[in-house]
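All ligand and atom numbering here is 1-based and tracks the order in the structure.
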Amino acid sequence: MTLVIKGGRVIDRDGERVVDVVIDNGVIAEVGTNLSGDRMLDAIGCIVSPGFVDLHTHLREPGREEAETVETGSRAAALGGYTAVVAMPNTEPTQDSIAVVNLVRSLGERAGLVEVMPAGAITIERAGKQLAPFAELASAGVTLFTDDGNGVQDPLLMRRAMEYSLGLGITLAQHCEVSRLTDGAVMNEGSCCSHLGLPGWPSIAEELMVFRDIELARLTGAGIHLLHLSTSRSVELVRAAKAEGLTVTAEATPHHFTLTDETLRSFDSVFKVNPPLRTMADIEAIKVGLRDGTIDAIATDHAPHPQESKEQPLDQAPPGMLGLETALSLALGELDLDLLQTIALLSWKPAAIARLGARHGGPIAVGRPANVTVFDPDLSWTVKPSLLASKSRNTPYAGRTMRGKVRHTIFNGDAVVVDGTAQR
Ligand code: DOR
């Protein structure tokens, strides 16, 4: 059965044009005007783009299925316009072996809503002591490795990880946090935190590791991807590293370009996240970084947590917030970027970092795998936590009205979201 996306404005890395797109057997079969197919998806007034790729999704399975499963997280992703997500390895057990990685991948295949690419851990059990078997995991198709949730504290081990990564065709990604400086921290260290009397997470704890890993990249010749940058100085360090030609990439989350530490005056743990929400000056720096190419990708750090655990006192509640279903709207509404730049940050740039470019983020062109997002950039909607597909409800944007919504998502030629509704 052929599918035709009718009348949309196609935007991909080759530019933009108003065309119909015919999909047949999982690939883009025809692009042009006045095309027809067995099934029609209306795209008038909408943008048709390569599917989005999230570099940073916590799917929680195996181990914490009460928070999210591969299936519920995949559904949230598809509704957010994603056709691929990199699943973070802080599962239980950790994604540090072929068995666990294959389990997550096969759960993703069973859900059939997006490509689930399990990230491997850099160290066994993310304990920071012993390197995971990169070569073996890479041969099983793992392309990105991180201890996310933890930074790799030991500089010698990180140096060895970078040396080991060379030639394997993999990306190392760092959660930048010197944990000696953040013990017991609840929120950003600054005037708001002093006022509230809460233990602070200083910016320098991130920036020291950003600096260290840039220097290790220089020393080893390996690349490094820096996860969820949150401070203005981190952005400056990455900008300088790129100017020198080092292989450094970086991402920022929607919450780090939309919310400040002032939100924690509510003492509501929905605003507790790691790294923490920072200041308006940091938000401005991240926005500039996204605009000038210093930051390569918007990544969600979608981190579901059940209500009971978020209802604990602030110091005990786990950090993290949902992100998959609100990222596009926040990118459209809060960054002063044109559509091409916005889509690049959500689609082909993260696809390249995760080494998924053969299947995702490519141009809307004949012969390409049909991983496509259709969104209405003007549709306004209000975030209602109970209507989100995620199993958890910890969105910091409850009640907020946003502009821009995904209308259809096509994954491997299959219309998995149609008119804003998941089809499975
Ligand atoms: O806020 C966060 N939550 N940051 C992380 O790095 C981990 C994540 C989680 O797993 O909940």
Side-chain angles (χ1 to χ4, degrees), residues 54-70 72-73 76 85-96 104 118-119 121-123 125-128 144-153 173-179 181-188 201 205-206 209-210 213 225-231 234 250-259 261 263-264 268-278 299-312 314-324 326-327 390-397:
D54 190 22
L55 287 169
H56 202 140
T57 305
H58 295 273
L59 291 175
R60 304 295 190 222
E61 189 177 7
R64 281 190 287 156
E65 291 82 355
E66 73 286 4
E68 194 77 286
T69 63
V70 171
T72 57
V85 298
V86 180
M88 290 295 105
N90 59 339
T91 48
E92 292 161 18
T94 310
Q95 289 168 197
D96 58 10
V104 173
I122 293 177
T123 68
E125 294 185 351
R126 297 169 47 256
L144 187 142
F145 290 73
T146 178
D147 274 1
D148 180 61
N150 297 333
V152 177
Q153 302 299 312
Q174 186 69 280
H175 168 118
C176 296
E177 175 180 358
V178 173
S179 59
L181 289 166
T182 61
D183 235 9
V186 166
M187 66 178 293
N188 178 44
W201 198 129
E206 172 173 305
M209 199 171 280
V210 168
D213 281 8
H225 176 68
L226 303 168
L227 300 166
H228 45 42
L229 290 191
S230 69
T231 83
S234 292
E251 65 181 41
T253 70
H255 47 271
H256 287 117
F257 63 72
T258 56
L259 301 170
D261 55 358
T263 52
L264 276 156
D268 187 340
S269 69
V270 81
F271 300 110
K272 182 179 175 186
V273 66
N274 194 22
L277 301 175
R278 305 277 186 194
T300 68
D301 197 0
H302 177 86
H305 290 289
Q307 191 75 9
E308 315 80 79
S309 62
K310 275 293 196 182
E311 273 169 4
Q312 297 176 96
L314 207 48
D315 59 334
Q316 287 156 45
M321 39 183 71
L322 304 184
L324 288 167
T326 46
S390 175
K391 208 164 175 182
S392 292
R393 297 280 168 262
N394 54 311
T395 171
Y397 303 107

Could you check H305 against Q312 for side chain to side chain contact (heavy atoms under 4.5 Å, CB included), going step by step and ending with a plain yes or no? CA-CA 12 Å; H305 290 289; Q312 297 176 96; over 6 Å; no

Check salt bridge (charged side-chain N to carboxylate O under 4.0 Å, His left out) between E65 and all other residues, then give those that pass, not counting sequence neighbours.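 E65 satisfies salt bridge (charged side-chain N to carboxylate O under 4.0 Å, His left out) with no residue once adjacent residues are dropped.
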
With sequence neighbours excluded, what pairs up with H56 under the ring pair (Phe, Tyr, Trp, His ring centres under 6.0 Å) test?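 Once residues adjacent in sequence are excluded, the partners of H56 under the ring pair (Phe, Tyr, Trp, His ring centres under 6.0 Å) criterion are H58, H228.
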
side-chain hydrogen bond (donor to acceptor under 3.5 Å, both in side chains) with T326: which residues, sequence neighbours excluded?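 Here no residue qualifies.
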
Starting at CZ of R64, measure out to CG of L59 and round the result to the nearest 0.5 Å.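 R64 atom CZ to L59 atom CG measures 11.5 Å (nearest 0.5 Å).
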
OG1 on T91 to CZ on R60, rounded to 0.5 Å: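 One finds 10.0 Å between CZ of R60 and OG1 of T91.
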
Under a 4.0 Å heavy-atom cut-off, which residues neighbour ligand 1?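 Heavy-atom contacts below 4.0 Å: H58, R60, N90, D148, G149, H175, H228, V273, N274, D301, A303, H305, P319, G320.
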
